[in-house]
2 protein chains.
Amino acid sequence: MGKPDAGTPRERYRAQVREEIKKYAWEQIATAGASALSLNAIAKQIGMSGPALYRYFANRDELITELIKDAYRSLADILQDRAEAGAGLDGLAHALREWALADPQRYFLVYGTPVPGYHAPADTTRITAEIMAVILDACTAGQPPVAPPSPLETHLDDHRVWARQHPAPPSALRRALAFWTRLHGVLSLELAGHFDGMGFDPARLYADEIEGVTGH
Amino acid sequence: MGKPDAGTPRERYRAQVREEIKKYAWEQIATAGASALSLNAIAKQIGMSGPALYRYFANRDELITELIKDAYRSLADILQDRAEAGAGLDGLAHALREWALADPQRYFLVYGTPVPGYHAPADTTRITAEIMAVILDACTAGQPPVAPPSPLETHLDDHRVWARQHPAPPSALRRALAFWTRLHGVLSLELAGHFDGMGFDPARLYADEIEGVTGH
DNA sequence: AGCCGTGAGTTAGAACTTCTAACGAACACG
DNA sequence: CGTGTTCGTTAGAAGTTCTAACTCACGGCT
């Protein structure tokens, strides 16, 4: 007994078509990138003519925003699942890489080049907070703070609005940021193809950066 | 006396118009991103009608490729200049950040989301080799290799096609990669606005990452 | 059971885009 | 002073997003 897919028949049909639209949208994005996404092409694939899609999404941007939200959501879910399964910082890091490699364009939808005017909706900022909380948990669990905080760590401790009540010590704040920025650095360059033809194995560089963050 | 702008009058005029096209193209990219670049709009700004631009660029992609090449070139020039002026690894890092902040969309043109099909022309890979050489120089000059190489460092030493005859020791190879990936990690997240509303100062995080790479 | 309003899908069309084709005119060169 | 290359033009094809107006069928209510 799956979830009863609550709602009126109309609502259920509507949700179903929305999902089908998004399915073809993902296919297009995976093969040609988000900028090449064409509503007309999607409509043709589904079998209805052009403007019909505007019953389901106000415009192209709203569809893309929805896809970005779904991408964020799937990343947050995976990280939360792994964390609940007892994964440490390195487990989360590997989960992140698997998620990214599974669909590079999905990664770029979240962490890639932003459109200058675009402002993320409130939902996504809430999801990033969820992700940050998982990382902060893992960073706090890592090791007790022993050394006196560095200047940057005290700065982070002074401006911890982004940690949202999380009781992580200054060193954990720093490590969470390192986790995010360093892994993103390796990952985004790899996915963008900047390591192509360089000879070395990106996975080993990634693993080494993980060690650097977790403290060997 | 500046360079005489060699060539026939036709060639000089042609080069001049090409530059004007690129100028307006950069303006559009800076304000709306590369995906919003419109050849028609550029033509209108210059004062000629649409298809005239196709005398100067075969198509939209060729114009963008040209802009990417210019962006790469300007970054390489800046880093080489700073290196010749005696800048160390930290000097190069700050130059990189200044270059990125001066025009975020230019940075994304080089290091941002790639179009799945796109393959960089041979020119740009030569320019990346130039950039890598400058960084490797600075990494080698840093400090003598004392400790035995880590597993990753020996791996990099075994696959040093990307270093192109550069006599950098394994530790310098590792540091060059850290320079690239870690600084790109912080920088790209900052430019993409992912730090917005988080409270802390990205410049301090960047400076701290520099210290991590240079070895305090 | 039957009405009937809401919402889905249609076509037409406006305003864009890139890019090709054919034409005229201006310019540099022999 | 011709002459040919090249530049810029207009026309138009094929694509895009998105609006407007119309039909029609489905689902809820009496």
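Atom set for the values below is all heavy atoms of this structure, side chains included, hydrogens, waters and symmetry mates excluded.
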Practice item. Quickly work out the B:E62 CD to C:dT18 C1' distance and round it to whole Å. Key: 14 Å

Review point. Where the side chain of A:M48 is concerned, which of D:dT17, C:dT10, C:dC19 is the nearest nucleotide?
Key: C:dT10

Check your understanding: What integer distance in Å separates B:I21:CD1 from D:dC7:P?
Key -> 11 Å

**Study point:** Nearest-nucleotide 5' precedence on DNA chain C, B:A41 against A:Y13
**Key:** A:Y13

Practice item. Give the C-alpha distance, both sets of side-chain angles, the deciding distance and a yes or no for salt bridge (Lys or Arg N to Asp or Glu O under 4.0 Å) between A:R160 and A:D157. Key: CA-CA 5 Å; A:R160 46 188 305 152; A:D157 200 30; 2.7 Å; yes

Point to revise | Shortest non-hydrogen contact between A:A34 and A:L109, atoms and distance | key: CB-CD1, 3.7 Å

Check your understanding: Is the shortest side-chain N/O distance from A:S49 to OP1 or OP2 of C:dT11 below 4.0 Å?
Key -> yes

**Study point:** Distance in angstrom units between A:R10 CZ and C:dG9 P, rounded
**Key:** 10 Å

Exercise for review: For the residue pair A:Y107 and A:H184, categorise the inter-ring angle as parallel (less than 30°), tilted (30 to 60°) or perpendicular (more than 60°).
Suggested key: parallel

Exercise for review: Name the nucleic acid region contacted by B:R55, choosing base, sugar-phosphate or nothing; use a 4.0 angstrom heavy-atom cut-off, strictly under.
Suggested key: base

Check your understanding: What is the distance from CG of B:N59 to C1' of C:dT18, rounded to the nearest Å?
Key -> 9 Å

Study note, to complete from the structure: Rounding to 0.5 Å, atoms CG (B:D103) and CZ (B:F108) come to a distance of 10.5 Å

Check your understanding: Nearest of D:dG8, C:dG9, C:dA12 to any side-chain atom of A:Y56?
Key -> C:dG9

Practice item. Please work out if A:L53 contacts a base, only the sugar-phosphate, or nothing of the nucleic acid, heavy-atom cut-off 4.0 Å. Key: nothing

Point to revise | Closest non-hydrogen atom pair between B:L136 and B:A172, with its separation | key: CD2-O, 4.1 Å

**Study point:** N or O in side chain of B:N40 less than 4.0 angstrom from C:dC16 OP1/OP2
**Key:** no

Review point. What integer distance in Å separates A:R14:CZ from D:dC26:P?
Key: 18 Å

Check your understanding: Has B:S38 got a side-chain N or O lying under 4.0 Å from the OP1 or OP2 atom of C:dT18?
Key -> yes

**Study point:** Euclidean distance, atom CG of residue A:L63 to atom C1' of D:dT17 [Å, nearest integer]
**Key:** 13 Å

**Study point:** Options D:dC7, D:dT19, D:dA21, nucleotide nearest the side-chain atoms of A:Y54
**Key:** D:dT19

Point to revise | Nearest-nucleotide comparison on DNA chain D, the residue closer to the 5′ end among A:P9 and A:G50 | key: A:G50

Check your understanding: NZ of B:K44 versus P of C:dT18: gap in Å, rounded?
Key -> 10 Å

Review point. Nearest to the side chain of B:P51 - D:dC18, D:dC7, D:dA11?
Key: D:dA11

Point to revise | Separation of atom CZ in B:R60 from atom C1' in C:dT17, rounded to whole Å | key: 9 Å

